[in-house]
Structures are given as C-alpha cells and as structure tokens.
Amino acid sequence: MGLHFHNTLTRRLEPFESVEAGKAGVYACGPTIYGHAHIGNFRTFMFYDLVHRVLEWRGYEVRFVMNFTDVDDKTIRAARAKEMTLDEYTAPFAEAMLGESDALGIRRADLYPRATVYVDRMIDLIQRLLDRGFAYATDDGSVWYDISSFEAYGRLSGRDLEQGRPGERVAEDEYAKDDARDFALWKGVKREDEEVGAAWDAPWGRGRPGWHIECSAMALAEIGDTLDLHLGGEDLIFPHHEDEIAQSEGATGKPFSRVWLHAKHLRVEGEKMSKSAGNFVTVRELLDEGVSPAALRHLLLSAHYRSELNFTRAGLQASARAVARLLDFEARLLSHPEAPAIGDRGTGSGDAEGEAGRGIRDAADRAIEAFTAALLDDLNVAGALAALFVFVNEANRRLDAALGDPSHGLPADALEAARAALGEMDGVLGILEVGRRSRSVDAELSAWVEERIRARAHARADRDWSEADRIRDELTAAGVVLEDSATGTRWKKLSEEG
RNA sequence: GGCGCCGUAGCCAAGUGGUAAGGCAGAGGACUGCAAAUCCUCGAUCGUCGGUUCGACUCCGACCGGCGCCUCCA
C-alpha cells in the first residue's frame with residue numbers, strides 16, 4: 001500500500017497522488033506572530049514535521065512552505081501598545097518560534113514567507129477577483145469576497161449556505177458589505193494601521209490585506225496554482241481554509257489543493273487551553289524550566305493527528321522514560337561487540353551466533369514492515385511507535401542471549417541491519433535525533449568519566465566494593481549513570497528528563 | 001439549532017467482523033558484589049442497552065458521558 005491520507009475535503013482516506021510524480025508542494029498555515037507560540041501550536045507544527053519527514057522518507061522531492069502571519073488585528077494592536085512598527089514587534093517572535101522548533105527537531109521549511117512581504121501579490125490577486133466578478137469594493141476602501149459567486153463555497157467545511165443564519169451577527173458588523181457572510185479581502189485604512197506601518201496603497205484605496213488572502217497569495221506565489229497538500233489546525237477549516245479555496249480558485253479557475261489535512265487541538269491536563277483558565281503553556285517556558293525536548297517531541301507525536309491530544313505533566317514524564325529506553329537501546333546496539341558476518345562463515349546453520357544474527361535481522365525486517373504500513377496509513381504514528389518498541393524488545397532479547405555466549409559477539413551484518421532499521425525509523429520520528437543532544441558531553445567530561453571508570457574497574461577487580469561504590473557515587477553526583485555488562489561498562493549523562 | 005468527533009486496562013494510546021499493539025506506572029522473578037540497563041511472568045471483553053450476524057470491541061439504532069467548529073483561535 002502506498003501513502004494514504006484522510007482528506008478533509010472528501011472526508012475519505014485517499015491514495016496520495018501529487019500533481020507531479022515524485023514531487024510534493026506543501027503549504028502549512030503558520031502562526032500569527034504576536035506572542036510566543038504555545039504548546040498547542042507546536043502540536044500542529046509537530047504534525048507538519050511528521051508530514052514533511054514522511055514525504056521525504058518516501059522519496060518525494062518536497063517543497064515545504066510555512067507562512068508567518070505578521071499583519072492582522074492582533075499584531076497591529078500589540079505593536080501599537082508597544083509603540084513599535086509591525087516588523088519590529090513581530091520579527092523576534094518569528095525567530096523565537098524557529099529556535100523552539102529547532103530544539104524540538106522540527107525540520108525547517110524551505111521557505112517562511114511573511115505576509116507583509118507579499119502585499120503586492122495580494123493586491124494582484126484581489127484585482128483578479130474584482131475583474132472576474134468574485135469581489136466588490138465598498139466606499140470605505142474595503143474589498144469583499146462575494147461568497148454567493150463561488151458555487152463550491154462551504155464544501156471543505158461541509159456546510160450548506162442556505163442553512164446559515166444570516167443576520168445573527170449583522171448587528172455587530174461595522175462594515176458595509178452586502179452579505180454578513182462575505183469576508184474581507186482588503187480592509188480600508190485606519191489611523192491605527194498607519195501608526196505601525198500596516199497600510200499599503202492599492203488601486204481601490206489605501207489599506208491592508210485581510211487574513212485569508214495572505215495565505216492564498218503566498219501559497220500561489222511560492223508553490224503554484226495547485227498545491228499537493230495544505231495543512232493546518234482544525235480550527236482553520238472554517239472560515240480560513242474555506243475562504244482560501246474561494247479566493248484561489250476564483251482567481252485561477254483551478255483546484256487549489258489536492259489534499260487538506262487538519263490536526264486536532266490539544267488539551268492541557270484535560271482542559272481546553274486558554275489564558276483565562278491559567279493553563280496556557282508555551283514551549284519557551286517548558287524548555288526554560290528544563291523539560292526534555294525529546295520527551296516533548298515524543299509526547300506531541302504520540303497520538304494520531306486527528307485525535308485530541310492531552311498534554312499533561314504525567315504524560316511528559318512517561319514520554320521521558322520511553323525516550324530513555326530508546327536511547328539506552330541505541331547505545332547498547334552501537335557498542336555491542338561484533339563477530340564475523342554470517343556471510344563470512346559458510347552456511348552458519350545450527351551455530352548459535354548465526355541464529356542470533358538471523359533473529360535480530362528478521363526482527364529488523366518485521367519492524368520496518370510494520371512501521372511503514374502504519375505510517376503510510378494516514379500517518380499512524382502510534383502504530384509506528386509500537387513497531388519500534390516491539391523491535392527494541394526483540395533486539396534486546398537477542399543481545400541478552402549473545403552475552404551468554406563466550407564471544408559475546410553478534411554477526412556484524414546482523415548488527416548493521418539492526419542499526420540501519422533503527423536509523424530509518426528515527427529518521428522519520430526524530431526522537432533519538434533530539435534525545436542524543438541531551439546526552440552529548442564534551443571531551444573533558446568524557447575523559448574524566450573514562451578515567452573514573454578505569455579506577456572503579458581496578459577497585460572492582462580487587463573486590464573493593466566500597467571504593468567502587470564511592471566512585472560511582474562521585475559520577476552520579478556529576479549526572480553520570482553507569483551500566484555494567486559482560487562486555488564492559490557503558491555510561492550515559494542524564495539530563496533533566498520530564 | 002446546524003455540522004462533526006470521541007468514550008479501549010491506574011494513566012497515555014493503536015487496532016481488526018472471528019475472542020484486544022505499544023509506552024508509562026505497579027507486583028513478582030532472573031541477571032548483578034550492590035546498582036543501572038535488560039529479560040521473563042502478572043492486568044482490560046473494549047461507555048450503557050438493544051439489533052444485524054454462525055460470530056462484534058469492530059456494522060446499525062437508541063441512550064449516557066465528554067468535546068470541537070458555526071467569521072479571523074494551531
């Protein structure tokens with residue numbers, strides 16, 4: 001089975017077929033940079049990362065674009081409050097978000113367009129919509145999209161226009177649009193906009209772009225008339241993405257995106273996250289308080305993207321333990337002594353090493369098979385993680401068995417197969433990739449630890465247990481944990497996990 | 001009111017019309033000088049009630065409970 005996605009547009013599982021074979025143009029709705037991104041934003045960004053990595057893993061040449069919304073009501077309001085220009089105010093938040101993404105191992109997009117840089121494209125797009133009869137201007141210099149002109153309006157979100165309840169919010173509507181449900185393509189200038197530099201000249205009057213047109217303009221400009229995938233949080237289905245479709249297709253006459261994927265929202269300790277509830281968590285805060293980035297990554301990845309994810313401290317702790325298990329396994333696999341490859345010793349049938357080698361290699365093959373099947377099926381990460389952990393267990397068992405053998409070694413090619421499988425799986429999950437950073441040490445510490453371990457080995461050889469334990473305590477105090485085994489002593493640096 | 005989602009062991013979380021992956025936590029055991037790591041053993045009949053079926057947790061219905069969207073919130 002090839003790669004399949006649950007397309008919001010059709011509400012069905014569909015095989016993924018990009019416009020151009022082997023290539024994938026992806027547009028992901030990024031954050032509005034008026035503050036630090038919160039854990040919920042990152043649940044969505046982690047989902048983007050999974051899509052990104054899976055496509056690359058499957059061999060697609062990916063063009064991944066994620067925008068930053070830097071001009072809208074919130075950024076303008078916040079910039080005014082600080083008496084800064086829009087750019088002065090928003091730029092640091094974009095930088096911060098990228099830094100946090102890096103910490104969590106989220107792959108960089110190929111491009112991060114910012115709305116203010118694409119205003120010319122937005123104006124062009126609006127002009128085309130006016131020319132083609134999808135939009136109309138009003139006296140205040142605003143331009144509106146006439147949703148009655150776009151037949152497919154409502155298809156993405158599954159709503160029937162006739163069943164809407166026009167009128168309900170008209171009273172609070174300060175604009176002169178024809179229909180309460182028409183949305184702004186361009187907002188006539190206001191003094192507040194000018195104060196922060198959020199105003200541009202357009203043929204129909206000075207003003208600023210509406211939110212929805214920003215994404216249409218950037219996506220069409222940077223990917224093309226038809227995207228292969230458009231990603232976002234579930235809250236964007238309506239009206240944001242519905243409006244993007246209306247605008248883009250109104251202007252180009254072509255399908256805007258083949259597939260739409262939406263991530264469900266995250267909850268915090270079982271509650272909806274909100275500032276008023278006092279459970280508003282930013283990744284910045286979590287990282288500052290020493291939470292393990294790999295644990296955070298594991299937790300954000302642990303549930304299917306179309307399921308609600310509950311972010312809890314207990315869950316973070318559990319994820320930290322799971323990550324530690326993976327890191328310990330990797331260290332063990334890398335340090336395990338090698339014996340001659342199965343292929344170098346004749347048939348090998350009946351010999352213990354050969355059998356252990358075949359066992360671990362078969363386990364690696366089964367793991368990759370199950371892992372792949374899970375991810376190709378609409379990104380079932382939980383299933384993929386299960387395949388990985390089954391592999392960890394099976395491989396650990398083989399490694400244990402090898403220790404009972406005089407040579408302790410496993411065939412080099414079998415170990416290589418196991419390492420390759422682990423590497424392939426983590427290339428998609430990125431958990432070890434991030435976790436290793438927390439365990440990395442400098443040469444100085446490393447040399448000291450190695451010296452201490454040698455001293456302890458001598459003490460142990462002399463059966464001087466109190467000295468051996470004293471040295472181990474010394475290392476523990478430095479955050480170093482030892483693991484004795486028949487093949488020597490491994491050590492690891494513990495980070496604040498959880 | 002409209003549209004839609006969810007309810008699987010203490011917690012997190014997959015999944016299939018034929019008797020339930022995985023992670024964390026817990027108990028016991030093996031290994032270890034002691035640890036650490038690892039391994040082994042132990043736990044759920046899948047919200048409730050009906051229906052369809054040879055057989056349902058998986059299909060249908062009702063109900064109970066939780067939740068999302070319905071104009072700018074990932």
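A, B, ... follow the sequence lines: proteins, then strands. Residue 1 opens every chain.
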**Q.** Is_stacked (A:Trp465, B:G33) at 5.5 Å, 30 deg
**A.** yes
Would you say A:His38 stacks on B:A74, if stacking means ring centres under 5.5 Å apart and planes within less than 30 degrees? no
So ring-ring contact (aromatic ring centres under 6.0 Å, His included) across residues 460-479 of chain A, not counting sequence neighbours, yields none
Determine the interatomic distance between [atom1] on [N] and the same-named atom on [M]; round to the nearest Å.
| N | M | atom1 | answer |
| --- | --- | --- | --- |
| B:G61 | B:G22 | P | 33 Å |
| B:U8 | B:A44 | C1' | 8 Å |
| B:G65 | B:A27 | C1' | 33 Å |
| B:U16 | B:C72 | P | 38 Å |

Ranking B:G33, B:C73, B:G22 by distance to the side chain of A:Asp469, first place goes to B:G33
Do A:Asp484 and B:C34 have a side chain to base donor-acceptor pair shorter than 3.5 Å?
yes
Give a yes or no on whether a donor-acceptor pair under 3.5 Å exists between the nucleobase atoms of B:C72, that is its base, and the side chain of A:Lys187. yes
**Asked** Counting heavy atoms not belonging to A:Glu369, are there more than 12 under 6.0 Å from its CD?
**Response** no
field: Heavy atoms from other residues, nucleotides or ligands near CZ of A:Arg155 exceed 12 (cutoff 6.0 Å)
entry: no
Exercise for the section: Give A:Ala314 one of three labels, base, sugar-phosphate or nothing, depending on what nucleic acid heavy atoms sit under 4.0 Å from its own. Expected result: nothing
request  = Using distance alone, with no hydrogens and no angle criterion, decide if A:Thr116 and A:Arg114 have a side-chain donor and acceptor under 3.5 Å apart.
outcome  = no
